Amino acid sequence: MTSSFEFHTYPARLSDAERDRVLAVLREGAAQGKLSHDTFIRRMDLALAARRSEELAVLTADLDTDGRWARRLFGAVGRASAFSARLRRAWQIERLPKLLLPDPGPAPLRIGRDPMNGLRLSDDTVSRLHAELMMQGGRWVLRDLGSTNGTTVNGRRVTGAVVVRDGDMVSFGQLSFRLAAH
């Protein structure tokens, strides 16, 4: 008695890395003006629905022509730009007025335009109750309190709370400071 089995082969499942690479190529193509908005949206939808590598390859065939030299050039420009941004931030931080970290206490240091705050900042871009700074678990935490013009740490907008350290650049609205320990 012979038994016959049928073996079915299924195409390998697309990896997230393959899909991400194609999505990145499509975004870059749109940013460079090689794709219209409608074409970009359509190809993104097709990339997300694709089941085989061949389907992805078709979506970027007309965009993958930049080659190795262009990628190296764009990488070098990106690294140089990042370096100049770090240099500019370092120069800026040294020139900022210091904001001394307070002695840790049970209540947070409230920051804002209202005279009842522990740190009053009289500037129209600072909200009445803008932010608070407190020691939690041995680390300083800065929390934005729903301010209109935002709170930033080292150039990044604070949403909720963020850990801050000596030397960080903090901004409340348009007023910027460098945090300093005693």
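All of these numbers come straight from a predicted model, not from anything done at the bench. Quick note: residue numbers are just sequence positions, from 1.
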Trainee: Would you say Leu133 and Leu101 make side-chain contact, with heavy atoms under 4.5 Å?
Mentor: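 The answer is yes; the side chains approach within 4.5 Å.
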Trainee: Could you tell me the separation between the CG atom of Leu175 and the OG1 atom of Thr151, rounded to the nearest 0.5 Å?
Mentor: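 Rounded to the nearest 0.5 Å, the CG-OG1 separation comes out at 11.0 Å.
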Trainee: Which heavy-atom pair separates Pro108 from Glu132 by the least distance, and what is that distance?
Mentor: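 It is CG-OE1, 3.4 Å.
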Trainee: When hydrophobic residues are tied together by side-chain contacts of less than 4.5 Å, even through go-betweens, does Val25 share a cluster with Leu23?
Mentor: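 Looking at the clustering, Leu23 is in the same group as Val25.
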Trainee: Could you pull out the closest heavy-atom pair between Arg120 and Pro115, with the gap in Å?
Mentor: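 Smallest heavy-atom distance, with atoms named: CD-CA, 3.7 Å.
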Trainee: Transitively linked via ILVMFWY side-chain contacts under 4.5 Å: Met135 with Val153?
Mentor: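 As far as the 4.5 Å side-chain criterion goes, Val153 and Met135 are connected within one cluster.
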Trainee: Flag yes if Leu129 and Met116 sit in one hydrophobic cluster, no otherwise; membership is Ile, Leu, Val, Met, Phe, Trp, Tyr, and two members link when side-chain heavy atoms are under 4.5 Å apart.
Mentor: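 Different clusters.
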Trainee: Are there more than 12 heavy atoms of other residues, nucleotides or ligands under 6.0 Å from atom CG of Asp45?
Mentor: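 Yes - once you tally the heavy atoms of other residues, nucleotides and ligands closer than 6.0 Å, there are more than 12.
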Trainee: Is there a side-chain contact between Leu121 and Ile111 in this structure, where contact means two heavy atoms from C-beta onward sitting under 4.5 Å apart?
Mentor: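 Side-chain contact under 4.5 Å: yes.
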Trainee: Side chain of Asp144, backbone of Val158: donor and acceptor closer than 3.5 Å?
Mentor: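 A pair under 3.5 Å: no.
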Trainee: Please verify the inter-ring angle class for Phe172 with His130; under 30° counts as parallel, over 60° as perpendicular, anything in between as tilted.
Mentor: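 The arrangement is perpendicular - the two ring planes meet at more than 60°.
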Trainee: Considering non-hydrogen atoms only, spot the tightest contact between Ala161 and Arg143 and give its length.
Mentor: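 Minimum heavy-atom separation between Ala161 and Arg143: CB-NH1, 3.5 Å.
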Trainee: Got a donor-acceptor contact below 3.5 angstrom from the Ser171 side chain to the Gln174 backbone?
Mentor: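 Side chain of Ser171 to backbone of Gln174, a donor-acceptor pair under 3.5 Å: no, none is there.
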Trainee: Under a 4.5 Å cut-off applied to non-hydrogen side-chain atoms, are Leu35 and Leu63 in contact?
Mentor: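 Yes - at least one pair of side-chain heavy atoms lies under 4.5 Å apart.
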Trainee: Taking all heavy atoms of Glu55 and all of Arg51, pick out the closest pair and write down the distance.
Mentor: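 Scanning both residues completely, I find the closest heavy atoms to be OE2-N, 3.3 Å.
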Trainee: Say you draw a straight line from CZ of Arg128 to CG of Leu145; how long is it, rounded to the nearest 0.5 Å?
Mentor: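 Arg128 atom CZ to Leu145 atom CG measures 12.0 Å (nearest 0.5 Å).
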Trainee: With sequence neighbours left out, what residues match Arg43 under side chain to side chain donor-acceptor pair (under 3.5 Å)?
Mentor: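 Residues passing side chain to side chain donor-acceptor pair (under 3.5 Å) with Arg43: Asp62.
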Trainee: Over all heavy atoms of both residues, which pair between Leu56 and Ala50 is shortest? Give the atoms and the distance, please.
Mentor: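 Heavy-atom minimum between the residues: CD2-CB, 3.7 Å.
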Trainee: Check Leu109 against Leu119 and note the closest heavy-atom contact, atom names and distance.
Mentor: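 Heavy atoms of Leu109 and Leu119 come nearest at CD1-N, 3.8 Å.
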Trainee: Verify, without hydrogens or angle tests, whether Ser127 (side chain) and Thr148 (backbone) share a donor-acceptor contact under 3.5 angstrom.
Mentor: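 Yes, Ser127 side chain to Thr148 backbone: donor-acceptor pair under 3.5 Å.
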Trainee: Does a donor on one side chain sit under 3.5 Å from an acceptor on the other, for Ser36 and Asp38?
Mentor: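 Note: Ser36 and Asp38 side chains miss the donor-acceptor criterion.
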Trainee: Just so I know, are the side chains of Leu142 and Asp168 near enough to count as touching, which here means a heavy-atom distance under 4.5 Å?
Mentor: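 They are not in side-chain contact.
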Trainee: Let me check something: do Leu46 and Val22 share a hydrophobic cluster, defined by ILVMFWY side-chain heavy atoms less than 4.5 Å apart, either directly or through other members?
Mentor: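 Shared cluster, yes.
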Trainee: Using side-chain heavy atoms (C-beta onward) and a distance below 4.5 Å, is Asp123 in contact with Arg113?
Mentor: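 No; the side chains remain at least 4.5 Å from each other.
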Trainee: Before you tell me yes or no, could you show the steps for Leu26 and Thr60 under side-chain contact (heavy atoms from CB on, under 4.5 Å), namely the whole-Å CA-CA distance, both residues' side-chain angles and the distance that decides it to 0.1 Å?
Mentor: CA-CA 7 Å; Leu26 291 174; Thr60 59; 4.2 Å; yes
Trainee: Are Val162 and Leu96 linked, directly or through intermediate hydrophobic residues, by side-chain heavy-atom contacts shorter than 4.5 Å (ILVMFWY only)?
Mentor: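 No, separate clusters.
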Trainee: Looking at side-chain heavy atoms only, is the closest gap between Met169 and Phe177 below 4.5 Å?
Mentor: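 Heavy-atom side-chain distance check fails, nothing below 4.5 Å.
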